[in-house]
Undergrad: 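Below: one structure in structure tokens.
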Number of protein chains: 2
Amino acid sequence: MTNKEKILRVAYKMIYRNGYEQTSVDEIISKAKISKSNFYYHFKSKESLGIAVLDLRIERYVNEVINETLMNNKLTPLRRLESFYNKVVKFHKENECKYGCPFGNLASELSSKNHKFRKRLAAFFEQWREKIELCLKHGIEKKEFSDKFNPKLFSEIILAHLEGAILISKTYKQINPLEKGSKEIIKLLKAA
Amino acid sequence: MTNKEKILRVAYKMIYRNGYEQTSVDEIISKAKISKSNFYYHFKSKESLGIAVLDLRIERYVNEVINETLMNNKLTPLRRLESFYNKVVKFHKENECKYGCPFGNLASELSSKNHKFRKRLAAFFEQWREKIELCLKHGIEKKEFSDKFNPKLFSEIILAHLEGAILISKTYKQINPLEKGSKEIIKLLKAA
DNA sequence: TGAATAGTACGTACTAGTTAGTCCTAATTA
DNA sequence: TAATTAGGACTAACTAGTACGTACTATTCA
């Protein structure tokens, strides 16, 4: 692994757990066991590292989570949504619900004061929502989901509920709000 | 207004807009035009101020927002829920959706690293959810809402959706996710 | 040769919290 | 009534530590 990759990996973990502002360059270089000059050789500032970390994690999340579940054409739309929720629930269970959503956390911390972060997060949320919408549309066509739901409006609700449920599960330190809530939403979608 | 009240007012605004960690005692005393020693005369630490601010805002939110709408027995349950959403939407419109939910922000920032904050926020969310649940129960009894909804499960969904929608509205800098989403949820509840 | 690395010392700004003491009012006491 | 005492509200100046970023020299390695 190159030093640059090390920085990105260590920084992601620290930013995810402690937030962007609370993560210091000094701590990153200490954990990554590299020199400060090497850090500034690879990144011109702390902000540019933060953006690089975010871009990388968005790319990986889209490829490894969203596309693998919501866009998996080996599954029916209902199973796609279920496998997506299962993956999310599994992740937060493994973390004991402690750290929340990596993207929601950054959105909460930085949206109001850093335009670059906000723009990227907004574009990512929109991309995510569109893929939920597509899954809903296909599910309605295949009559797995009730046609009384407007796919666009309900994809917004699903995404908002997911972010909120992860936040509340983190606050309660219990998976229930996320796990039961997502099951109830699927039940609702199926109901005629 | 006493200096103590000034500190609480100034600190609330700064913490709400910039987060707890990004709000410095130095900046608080400068904006409140008081000395640092006076600050430490009234509060034994920055944390104890933060807790005092949170307790105060929870108390006011319960009395002035939640009880005035969700528990307002001059309104039918449906109107209670509508007036609650209207109040929330109005608040975020006035702030151009910039700052998010005062409680959600703190939950996101502090739940994982400060037990005192987390405990208070969890208790508050639970109290809030219970009042939504009560409103749903009454609405189902009065046949304003469909009886196919489990009040407890759906109150969890409503609260989670609200927090998530506020966060996404902040990220988009658009009221749509919050405003359209809440209208859609009400429509859903009414549907037979 | 030139990209990548280490080390270290800085500079400037900011951080939470402490110290030792002043000012003023109100109650107590001789 | 006049002196004394107690204590709440307040202040300026300070400490010790952390932050991001820069400067500069000196290696390592492809």
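No hydrogens, no waters, no symmetry mates; every other heavy atom, side chains included, goes into these values. The sequence lines fix the lettering, A, B, ..., with proteins before strands; numbering per chain opens at 1.
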Undergrad: Is the closest basic N to carboxylate O distance between B:E144 and B:K142 below 4.0 Å?
TA: no

Undergrad: When you check the phosphate oxygens OP1 and OP2 of D:dA9, does a side-chain N or O of B:Y41 lie under 4.0 Å from one of them?
TA: yes

Undergrad: Take the angle between the ring planes of B:W128 and B:F124 and call it parallel below 30°, perpendicular above 60°, tilted in between.
TA: tilted

Undergrad: Take a 6.0 Å sphere around NZ of A:K87 and say whether it holds more than 12 heavy atoms from other residues, nucleotides or ligands.
TA: yes

Undergrad: Between B:H42 and D:dC10, does any side-chain N or O lie under 4.0 Å from OP1 or OP2?
TA: yes

Undergrad: Within a reach of under 6.0 Å around NZ of A:K6, are more than 12 heavy atoms found that belong to other residues, nucleotides or ligands?
TA: yes

Undergrad: Just compare D:dC10, D:dT11, D:dG8 and give me whichever is closest to any side-chain atom of B:I34.
TA: D:dT11

Undergrad: So that I can tick it off, tell me whether A:E5 and A:R9 are bridged by a salt bridge, with the cut-off set at under 4.0 angstrom between side-chain N and carboxylate O.
TA: no

Undergrad: Is the shortest side-chain heavy-atom distance between B:L81 and B:I185 below 4.5 Å?
TA: no

Undergrad: Check each residue of residues 113-121 of chain A for a non-hydrogen atom within less than 4.0 Å of any atom in DNA chain C, then write out the ones that pass by number, or none.
TA: none

Undergrad: I'd like to know whether NZ of B:K113 has more than 12 heavy-atom contacts from other residues, nucleotides or ligands below 6.0 angstrom.
TA: yes

Undergrad: Polar atom pairs between nucleotides 16-20 of chain C and protein, under 3.5 Å, N or O only, would you list them?
TA:
{"residue": "C:dA16", "atom": "OP1", "partner": "B:K46", "partner atom": "NZ", "Å": "3.3"}
{"residue": "C:dA16", "atom": "OP2", "partner": "B:V25", "partner atom": "N", "Å": "2.9"}
{"residue": "C:dA16", "atom": "N7", "partner": "B:K36", "partner atom": "NZ", "Å": "2.9"}
{"residue": "C:dG17", "atom": "OP2", "partner": "B:Y40", "partner atom": "OH", "Å": "3.2"}
{"residue": "C:dG17", "atom": "OP2", "partner": "B:K46", "partner atom": "N", "Å": "3.0"}
{"residue": "C:dG17", "atom": "N7", "partner": "B:K36", "partner atom": "NZ", "Å": "3.1"}
{"residue": "C:dG17", "atom": "O6", "partner": "B:K36", "partner atom": "NZ", "Å": "3.1"}

Undergrad: Does the distance from a Lys or Arg side-chain N to an Asp or Glu carboxylate O, for B:K152 and B:E156, drop under 4.0 Å?
TA: no

